[in-house]
Amino acid sequence: MIVAYGVANLLQSVAAARTTVQHTFDPGLLLRLAGHRAYLVGLVCQVGGFVLAFLARRDLPLFLVQASVAAGLGVTAILGVLVLKWRLPVAEVVLLLLLFAGITALVLSARPAQSKPLGTAGMIALLVTLGVIAVLGFFAVRLRGAPGSVALGSLAGLAFSAAAVAARPLASAPTWDAFLADPLLYLLVGHSVVGQLLLGLAMQRGSTTAAVAAMDAAGAVPAAIIGLLLLNDKIWPGREWLAGVGFLVTLASVIGLTRYAEPQHHHAVAQETSRAVVAGKPLIGPQPTGSRLGGTEGPLPQPAAQLSQAASGPPQAASTGLRRPTTRS
């Protein structure tokens with residue numbers, strides 16, 4: 001599950017970095033992202049990770065499963081080193097070790113138990129939450145730069161967190177008929193689609209570090225609390241401190257890894273774009289033709305002067321003209 005999410009993070013971020021920045025809450029963005037082979041492969045990996053996480057939620061508490069989903073960023077960092085030749089500073093090695101230690105602590109403290117039913121009130125709350133997230137996303141998409149990254153990332157995390165809450169009791173459905181007839185299934189699908197759209201929008205903004213940090217916190221913390229209070233999530237007696245420390249260490253490590261992964265990803269995308277310009281090949285996506293206004297779909301944020309500088313100047317000049325994002329979760 002962790003590996004599947006890690007691969008999905010890397011591939012989907014590459015596709016988002018090559019897609020025109022979207023300034024409206026338009027589901028068509030998912031179709032444009034689907035035009036990239038990397039995004040489709042990443043989506044398949046994400047679906048595989050989702051299925052494994054869904055099965056894990058049948059017996060395991062949400063604080064463990066959600067932390068494991070967020071820990072996929074550690075796999076993304078390792079793949080970046082192996083595939084994209086990212087540098088591996090000492091601080092990142094320490095963060096990877098802390099991430100492994102945090103997940104280990106959660107595994108040792110988590111006590112398997114089937115979920116309690118969510119009830120009608122819980123389903124209504126999930127439905128209202130879906131509507132609120134969609135409305136907030138409609139307005140948050142107008143924000144640009146770091147504020148837009150944080151807002152959209154937080155909303156995406158809340159949507160994925162709500163999907164996890166719906167999945168925990170749904171995974172205990174006794175038969176396929178009961179599974180397909182359960183309203184939680186459709187709430188799960190609705191939250192997942194909205195979360196995926198918000199994630200794609202957040203990954204296009206300037207500060208991916210802020211976006212992913214906000215998403216991981218908003219995706220893991222509420223689900224963990226609701227699971228412990230309402231869904232019969234259990235901790236082995238005497239290991240409550242271990243669960244708390246493991247959860248905080250895992251979340252802090254994920255946020256730290258996001259900080260190190262972002263600039264290296266920007267540099268890799270910038271170098272590839274610079275090579276394409278020097279070789280006389282057109283950049284992926286529409287070229288700049290004028291100014292962009294809020295609420296309208298515009299081209300990649302690169303003026304013509306920056307393109308000519310990327311073609312004739314040093315590689316560092318090309319990287320400063322690209323503010324492209326990195327990951328998911």
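Hydrogens, waters and symmetry mates play no part in the numbers below; they use all other heavy atoms, side chains included.
Inter-residue side-chain proximity for Pro222 and Ser161 is flagged as met; some heavy-atom pair is nearer than 4.5 Å. Taking the side chain as every heavy atom from C-beta outward, Leu188 and Leu126 never approach each other to under 4.5 Å. Counting heavy atoms from C-beta outward, Val221 and Phe247 have side chains that approach closer than 4.5 Å. Using a 4.5 Å cut-off on side-chain heavy atoms (C-beta onward), Phe63 and Ile235 make contact. Side-chain contact check for Leu231 versus Leu62: some heavy-atom pair is nearer than 4.5 Å. Residues Met215 and Leu152 form no side-chain contact, since every pair of their non-hydrogen atoms from C-beta on lies 4.5 Å or further apart.
The cluster map of Ile, Leu, Val, Met, Phe, Trp and Tyr, joined by side-chain heavy atoms under 4.5 Å apart, puts Val249 and Phe100 in different clusters. Hydrophobic clustering (side-chain heavy atoms under 4.5 Å, transitive across Ile, Leu, Val, Met, Phe, Trp, Tyr) groups Phe50 together with Leu180. Cluster membership check: Leu248 does not share its hydrophobic cluster with Leu251, using side-chain heavy-atom separations under 4.5 Å among Ile, Leu, Val, Met, Phe, Trp and Tyr. Connection of Val165 to Leu230 is established within a shared hydrophobic cluster, with ILVMFWY side chains joined at heavy-atom distances below 4.5 Å, either directly or through further cluster members. Linking ILVMFWY side-chain heavy atoms closer than 4.5 Å, directly or via other members, places Val107 and Leu60 in a single hydrophobic cluster.
Without hydrogens or angle criteria, Glu240 side chain to Gly238 main chain gives a donor-acceptor distance under 3.5 Å.
The two residues Val69 and Ala53 make their nearest non-hydrogen contact at CG2-CB, 4.4 Å. Counting all heavy atoms, side chain and backbone alike, Gly246 lies closest to Ala105 at CA-CB, 3.8 Å. Here the closest heavy-atom approach between residue Trp236 and residue Ala110 is recorded as NE1-O, 3.0 Å. Here the shortest heavy-atom pairing between Leu155 and Ala140 reads CD1-CB, 4.0 Å.
Between the CD atom of Gln66 and the OG1 atom of Thr250 there is a distance of 12.5 Å, given to the nearest 0.5 Å. The CG atom of Leu158 lies 9.5 Å from the CG atom of Leu198; values are rounded to the nearest 0.5 Å. Rounded to the nearest 0.5 angstrom, Leu170 CG and Phe179 CZ are separated by 4.5 Å. Residue Ser154 holds its OG atom at 11.0 Å from CD1 of Ile133, rounded to the nearest 0.5 Å. Atom CG in Leu118 sits 10.5 Å away from atom CD1 in Ile124 (nearest 0.5 Å). The structure places OG of Ser253 at 8.5 Å from CG of Leu96, a figure rounded to the nearest 0.5 Å.
For residues 97-125, no residue pair satisfies the side-chain hydrogen bond (donor to acceptor under 3.5 Å, both in side chains) rule, not counting sequence neighbours. Among pairs with a residue in residues 158-182, those fulfilling salt bridge (charged side-chain N to carboxylate O under 4.0 Å, His left out) read Arg168-Asp233, at least two apart in sequence or across chains. Pairs engaging residues 40-65 under the salt bridge (charged side-chain N to carboxylate O under 4.0 Å, His left out) rule: none recorded [sequence neighbours left out].
For Ser68, the side chain to side chain contact (heavy atoms under 4.5 Å, CB included) partners two or more places apart in sequence, or in a different chain, are Met1, Ile2, Leu64, Ile103. Lys234 is linked by a side-chain hydrogen bond (donor to acceptor under 3.5 Å, both in side chains) to Asn232, counting only residues two or more places apart in sequence or in another chain. Checked against side chain to side chain contact (heavy atoms under 4.5 Å, CB included), Tyr186 has no partners two or more places apart in sequence or in another chain.
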